[in-house]
Amino acid sequence: MQLSQVLVVALIGAAAGFGVYCFTCALHVWRKRNHRSSPDNRADRRLGRAACTLLLSGGFACMSVAGIAALLLQPEGLLNGERIVTVRAPKDLQVVCMTEKELVQRGDVLGSFYSPQRKADIEVSRLKIERFRAEKAVLEKEPLKPDSEITRRLMDACSERRHVLTRLNQTQFERNDVERELSRERLTRQDEINQLGVELAQLQRQLTQAHRVLEYNQKQAHRNDELLRRGAATEHVKEEWLRNSGISADEVGKLSERQRNIRVQREEFKKGLSRLITVAEAQLESKGSKCTALTKCLQEVRGREHALEQQLQLDLVRAHELRDCELEQIEVKTRQTEEELAGLEESLQVIAVSEGRVLFRAPSPRSAGDGDPLLVLGPPKGLRVRLRLPRWQRKALERVPDVRLELASQMDTDGDIERHFVERWFSGKFLRWQDLEKDPSHGLAELSCDPPREAVCCLASGNQVFVKMHWSAPLLASPLFATGMILSVVGTVGWMLMAFRQRRVVGDARESSDKSSEDAGPNTPLVTEYGAEGAMLHVLGGQLRESISRREVDRHLLAALEWALDRHRARAVRLVALGLGDEVQLSAPLREFVCRDSSADGNDSDGVLSREDRRRLLRIIQNVAPSELAAHAEELERELDKGGGKATPHLDLRSRGRSVPR
Amino acid sequence: MASSTSRTAVSPPAVTSGSVNRTSVRMESILFGSAVLLSLGLLAISVYRLLAWRIEFGGQFGGNWILTAAVAFFTTVAVFSGVRWSVFVVFSFVARQQHRSRKRCDPADCPYVSILVPCFNESDTIGPALESLLELDYPSYEIIVIDDGSTDDTLAKVKQFEGQFAGVTVRVLHKPNGGKWSALNAGFRHSSSELVLCVDADSRLGRDSLRRMVLRMEDPKVSVVAGQVRIRNRHNLLTRLQALEYQMGNGAIRMVQGLFGTVLVVPGPIGLFRRCTMEEVLRRYGSAPVEDCSVGPFEGNTFAEDFDLSLAILCLGDLSVYEPDAISYTQAPDRTFSLISQRYRWIRGSIQVLRKFMARAQDHPRSVPARVFTWICLTYLIDLTLTPVIYLLGVTFVLSMAAMAGALLPLSTWFAAFLLVQLSAAAFFLSIHGDSLSLLRVVPFYEAYSGFLLNSAWAISVFDEVLGRKMRW
């Protein structure tokens, strides 16, 4: 606890103590001034007062303890350096610049350094990468390299296949040509044969027709002979007919001759056709056998070629794999060089690996020593402070927008503790709460905060930083304070109820004492009940009694009695009557005093009362004294008035006094 | 106790006058007045700092509304105190300057004065009081000692002084106990002069007090002159605080009120009245027939008969002024109980008088001057209603801010500035009242005294007054 806190506690304690002292004194004065005794329930009141006092004291004690505890107990926690990134000053490097941003995104440059040797290495690495990339491009553009023997054999097979295929095609073409010639010849000859057949048939029909014309002409000629014989026809017509028959007979002979020629020609064609077919079939058979041989050869070559193609395919896969390996090898070399380059560049440039906020920046980075923090990057929402707090403070802490924190001390890696911070105060904000299973009355509060740079530097150096929280939950939330308040309220209400009850009891007691004084006459407790004033009034009654007994009534005494009756009314009537005592003993002295003085002239001289003063005395006695003495005083007053006195308005003080409300 | 009292008691000084003394006092007044104004400036700076702190760091604490209310409260108190003390200092300085410029009284012009000394069981103090009255630097006056039914040997001691002295007549009256007001009424009835000086039996007047008060009566509009009451027994912290209170509180207020002729309370230990005015009060406001021997200008229905009579005179339209050079050295309660009891009487008496005044104002609204009503509002209503609430709120806010650890640090500047204001104001008023500057030592305790002690008396008296409890002297 700091000296200022001790001072504050001492001052507040002293003020509170003085306040309680003053209030106690005032309470004492108040009780003394309003003291009323009531024997009936005194024990109950004492008990009640003790209970209320106990409750009040306990309540105030609880509230005080809660307040002092809230004032003194400041929870201490640990500033957590999680997720901070520290940029340190590297060896043999010169700082070029550090980032000026407050909020840094991922990939931003945090700081740049310079070294000639590393710069040259970077350039070499970059050239290497370019070379590798060129090699890779060349390699990618080169064809695959299969096995040359397989390729040669495959090429031979291919040429052989093509040769055989060519021969086969040629043979087949020849065979087809033969077949086509054969077919064409066959068709031509068959067409000629058919044409000869048609011509033969046509000749046949002409021959037939020529036979029929001949027959017709012969018949006609024969018929003309008969007609000519009979004379019906002329010779000319007969000759005509005979010439026609001759022409028809020539026509028939010519047609028959031609028919024979065509038949011979037709037979010749048929023989030539059969010979042609025989020759062509022989050729076809020869060509077919040759094609068959070539086809077999071709199949054999194709099989060999297919086997070679498969071998070549396998060899191409191998060659492809070989090239991939070579490309990958180049890629690996490239990456290796890139990594080397990145390493070199990273050694000269620090890149933010995540977004964050710059919490610390070395004021003069070029003069920082080796390993000193140049820049500390923290989480965007600030660092965390963890404190152990009572659970009842949780809701209050959650509602508080900001909490004031103070850097208490730092502990380095050797365990040494230092307490010196220039900038100590910062604020924190409630983040989350974690209940402690083995400590159910407490919990772990986590606050997000933005600590001073000095503390961040300490955290970056690996030290532990302890933090004090200068915040107290509202006292109303404290169970102890709430209990104290309840006790105080109960105690205060108890006190008020008791005061009200006491006031009512005192009022009842007064009424009862009034009645008892009227019924049973004066008594000594009545005098003491009214304290010093009661005693004085009682003494005043005694003085009146003694004055009447000594027949020496003073005007001052009368004035005092009048004043007392006027001021204290019924109380004065009762207490003066109490002091007056036995009325029987006063009747005679009173008559003697009044009569003696009435014999004198009304002027007041040498202690003799005037008539007016005697009337005042008798009026006082009428108001104060019991009935018999009052009646006696009334009778004396009438006598006094008869004796020449001037009557004054009668003032019934007793009735006035009794009419005074209690 | 007796030796302590005699060692630390302030004896009435001889009349000292001279330009050197007055010049030094004036210089002191200017110096201390400037200090007050400077302190007010510091108080303003502290308020500015408090506001700046609230804006900058206030959000770091819980219970924002409490801090806002606390800062608003302390700002208001600073403004209120600044205005109050500025007004007091400026007007007091003006009043003091006016007072310096008045001519000194010629004894030949001094009228006959009746000094009323009511006493009740004042066996220990009445002798020195009468001796101081007999030593007054005044040509002709009478001293009327009214024994209010003392039960000790007061009457016998007073009887020793009865008789004729050089220009001074001492008369002794004896009456049954009826209270101070009745004794004063009895003395008033037996007095014969036009000017009536009322003093307490435990008070001792300065030698030229009467002469300086009578000088103020040259103005026919002035009917009442109030003197300076100074604590005689300064043997413990309590009495020293009362001495400081009499100068800083009562003296300062009366100084300003006297400038406007509206001294609301003419103190019982020293107050000079015109007989005609008192009789006018009796005729106009008396609650009993004038022929009644027990009645007079002082009435017994309140426990602050001096306040009651002062207000009644002011209601007549007359002026009441303050004479700081007329000093009455009185005895203050040196125990806490007796002090609280005394303040209980004063506060209840004040409330009774104010209630009576309000009833009177309702009955005769035109008879109450506006300046009286204004000063009552500016002083008594503030003292009786606002000040205790301010203290209560102050304690509450201080404790609240203390509960928020660290929040008291900015407030310490405010307290320091406030203490500086009080120190300079106390120095100023002690200087213009000619009192000892050694009382400045108790200034740091003054707020605790007035805040806790006097307000505790205020609490019980207001409680009883609200409940209507009967009160004993």
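This structure is a prediction, so every number in the text was calculated from the model and none was measured. We name chains A, B, ... by the order of the sequence lines, and we start the count at 1 in each one. Reckoned from all heavy atoms, side chains included, excluding hydrogens, waters and symmetry mates.
- For B:Glu245, the salt bridge (charged side-chain N to carboxylate O under 4.0 Å, His left out) test picks out B:Arg343, with sequence neighbours left out.
- Other residues, nucleotides and ligands contribute over 12 non-hydrogen atoms within 6.0 Å of the CZ atom of A:Phe18.
- Across A:Gly19, A:Gly428, A:Ala66, A:Cys25, the residue that shares the most heavy-atom pairs under 4.5 angstrom with chain B is A:Cys25.
- Residue B:Asn455 holds its CG atom at 12.0 Å from CZ of A:Phe23, rounded to the nearest 0.5 Å.
- With rounding to the nearest 0.5 Å, the separation of OG in B:Ser456 from OH in A:Tyr21 is 10.0 Å.
- Of all heavy-atom pairs spanning A:Cys22 and B:Leu453, the tightest one is SG-CD1, 3.4 Å.
- A:Val576 meets the side-chain contact (heavy atoms from CB on, under 4.5 Å) test with A:Leu561, A:Val624; sequence neighbours excluded.
- Contact annotation for B:Phe445: neither backbone nor side-chain heavy atoms come within less than 4.5 Å of a heavy atom of chain A.
- The aromatic rings of B:Trp181 and A:Trp563 sit tilted relative to each other, their planes meeting at an angle between 30° and 60°.
- Nearest heavy-atom pair, A:Val29 versus B:Phe337, reported as atom, atom and distance to 0.1 Å: CG2-O, 3.6 Å.
- Annotation for A:Leu540 and B:Pro176: closest pair CD1-CB, 4.4 Å, computed over non-hydrogen atoms.
- Taking B:Leu339, B:Val395, B:Asp464, B:Leu173 one by one and counting their heavy-atom pairs under 4.5 Å with chain A, the maximum is reached by B:Asp464.
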